[in-house]
Enquirer: 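Sharing a structure here in structure tokens format.
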Amino acid sequence: QDTPSKIIEALRKIYSRPQILKPLRPDVLVMTPWFVPIVWEGTYNLEILNEQFQQRNITVGLTVFAIKKYVVFLKTFLETAEMYFMVGHKVNYYIFTDRPQEVPKVELKEGRNVVVLQVQNYSRWQEISMRRMEMINHFSQKQFINEVDYLVCVDVDMRFNDLVGVEILSNLFGTLHPGFYGSERRSFTYERRPASQAYVPHDEGDFYYAAAFFGGTVKEVYKLTKKCHEAIMVDKDNGIEAIWQEESHLNKYFVYHKPTKILSPEYLWDDSLGRPQILRKRRFLAVPKDHDAIKNK
Ligand code: 2GW
Ligand code: MN
């Protein structure tokens, strides 16, 4: 029987206390001007966070698209996710694909499931990439809302290389694009043509976020993907396509709906960019795909 004192004993955790006079990271920004954390190694205690999320008994959905030849990325993606993604929590992998037979069978730990969602493919790669917003939106309302608490939406041409856990979870989160964290606002590759719904003026915007890693509660991801998809459709009617497709629309959204947590480039790295000092971990890495068999952009 769990008496109150037994419960309290079970919840007791020993860890070093936070020290007001000792900054967690002297080398990087760890909080935005709207008071949300930027997640870097060294800024959080995963034990405390795991305890909190365990108590809430949450389930996380990881959405990933593997259309046409991109099914080749699934095996490594899933195998490494089993090692590093939300270890100890319940996870549903939502795999959107036009080739359900080619989804590899990967051995899963307890409490973790693969859900294959068959979707159509599009001939243009830009369309494949952009339509993710529509499909995530559709399934959020239809299915995800009944099955998971949070959604994490990522590219598939990636592998997990270190822990990615509940420290990323919040109502609405975005990830700093690895190519632009040190850039000036003027050089962010936002859509700069006023004719596009993704337009961001030169004197606005906080960060340049990547479309390859975002998420939040199902409700917030529903709202984000709805707005982005609608904007993409308006652009289509007007015969314009944003410079970086859905990434441009995501960035526009985040200017006016600021994330409640931001992930550092530890969560989206590409080794072709080298290994700067500030990067204590490389948690989620791009898999090289320059060979023509995979991609002709
Ligand atoms: C994409 C480009 C060229 C040829 C094929 C594809 C393709 C993408 C495909 O045939 N099948 C497929 O499932 N995809 C999905 O779209 C897959 O999930 C992939 O990870 C995602 C984005 O395409 P990707 O990874 O080739 O583009 P990247 O790595 O250059 O990603 C950045 O730019 C994209 C838009 O141009 C997106 O914004 C993406 O989120 C960014 O990381
Ligand atoms: Mn990619």
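Just follow the structure's listing: the first ligand is 1, and inside any ligand the first atom is 1. Quick note: residue numbers are just sequence positions, from 1.
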Enquirer: Under the side-chain contact (heavy atoms from CB on, under 4.5 Å) test against Ser129, which residue among Arg131, Gln126, Arg132 passes?
Expert: Arg132
Enquirer: State whether Lys252 and Glu191 are salt-bridged, where the test is any N-O pair (Lys NZ or Arg NE/NH1/NH2 against Asp/Glu carboxylate O) under 4.0 Å.
Expert: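 Here Lys252 does not pair with Glu191 in a salt bridge, since their nearest N and O are not under 4.0 Å apart.
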Enquirer: Which is closest to atom 5 (C) of ligand 1 in terms of heavy atoms, Phe73, Phe96, Tyr70?
Expert: Tyr70
Enquirer: Does an N or O from Val154, backbone or side chain, lie closer than 3.5 Å to an N or O of ligand 1?
Expert: no
Enquirer: Any atoms of ligand 1 less than 4.0 Å from a non-hydrogen atom of Ile128? List them with their elements.
Expert: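 The list of qualifying atoms is 8 (C), 9 (C), 10 (O), 11 (N), 12 (C), 14 (N).
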Enquirer: Output the list of atoms in ligand 1 that are nearer than 4.0 Å to some heavy atom of Ala211, sorted by atom number.
Expert: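 It comes down to these atoms of ligand 1: 38 (O), 40 (O).
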Enquirer: Please state which part of Met158 comes within less than 4.0 Å of ligand 1, counting heavy atoms only: side chain, backbone, both or neither.
Expert: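 Near ligand 1, Met158 shows nothing, with every heavy atom at 4.0 Å or more.
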Enquirer: Does ligand 1 have any atom sitting under 4.0 Å from a heavy atom of Lys289?
Expert: yes
Enquirer: With the threshold set at 4.0 Å, does a side-chain nitrogen-carboxylate oxygen contact exist between Lys223 and Glu220?
Expert: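 Looking at Lys223 and Glu220, the cut-off is met.
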Enquirer: Does ligand 1 have a heavy atom under 4.0 Å from the side chain of Glu246, from its backbone, from both, or from neither?
Expert: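 Contact part for Glu246 vs ligand 1: side chain (C-beta onward).
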Enquirer: Could you tell me, atom by atom, which parts of ligand 1 come under 4.0 Å of a heavy atom of Ile67?
Expert: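 This gives 9 (C), 10 (O), 11 (N), 12 (C), 13 (O) as the contact atoms.
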Enquirer: Within the 4.0 Å heavy-atom shell around Ala66, which atoms of ligand 1 are there?
Expert: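 The list of qualifying atoms is 13 (O).
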Enquirer: Using a 4.0 Å cut-off to any heavy atom of Val156, which atoms of ligand 1 qualify?
Expert: 17 (C), 18 (O), 20 (O)
Enquirer: Mind checking the CD-CD1 spacing from Gln245 to Ile243? Nearest 0.5 Å is all I need.
Expert: 9.0 Å
Enquirer: Under the side chain to side chain contact (heavy atoms under 4.5 Å, CB included) criterion, do Phe144 and Tyr94 qualify, and how do the steps go?
Expert: CA-CA 9 Å; Phe144 303 156; Tyr94 294 114; 3.4 Å; yes
Enquirer: For atom 22 (C) of ligand 1, which candidate among Asp155, Val72, Val64, Val287 provides the closest heavy atom?
Expert: Asp155
Enquirer: If the cut-off is 4.0 Å to any non-hydrogen atom of Glu247, which atoms of ligand 1 fall inside it?
Expert: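 Taking each heavy atom of Glu247 in turn, ligand 1 has 38 (O) under 4.0 Å.
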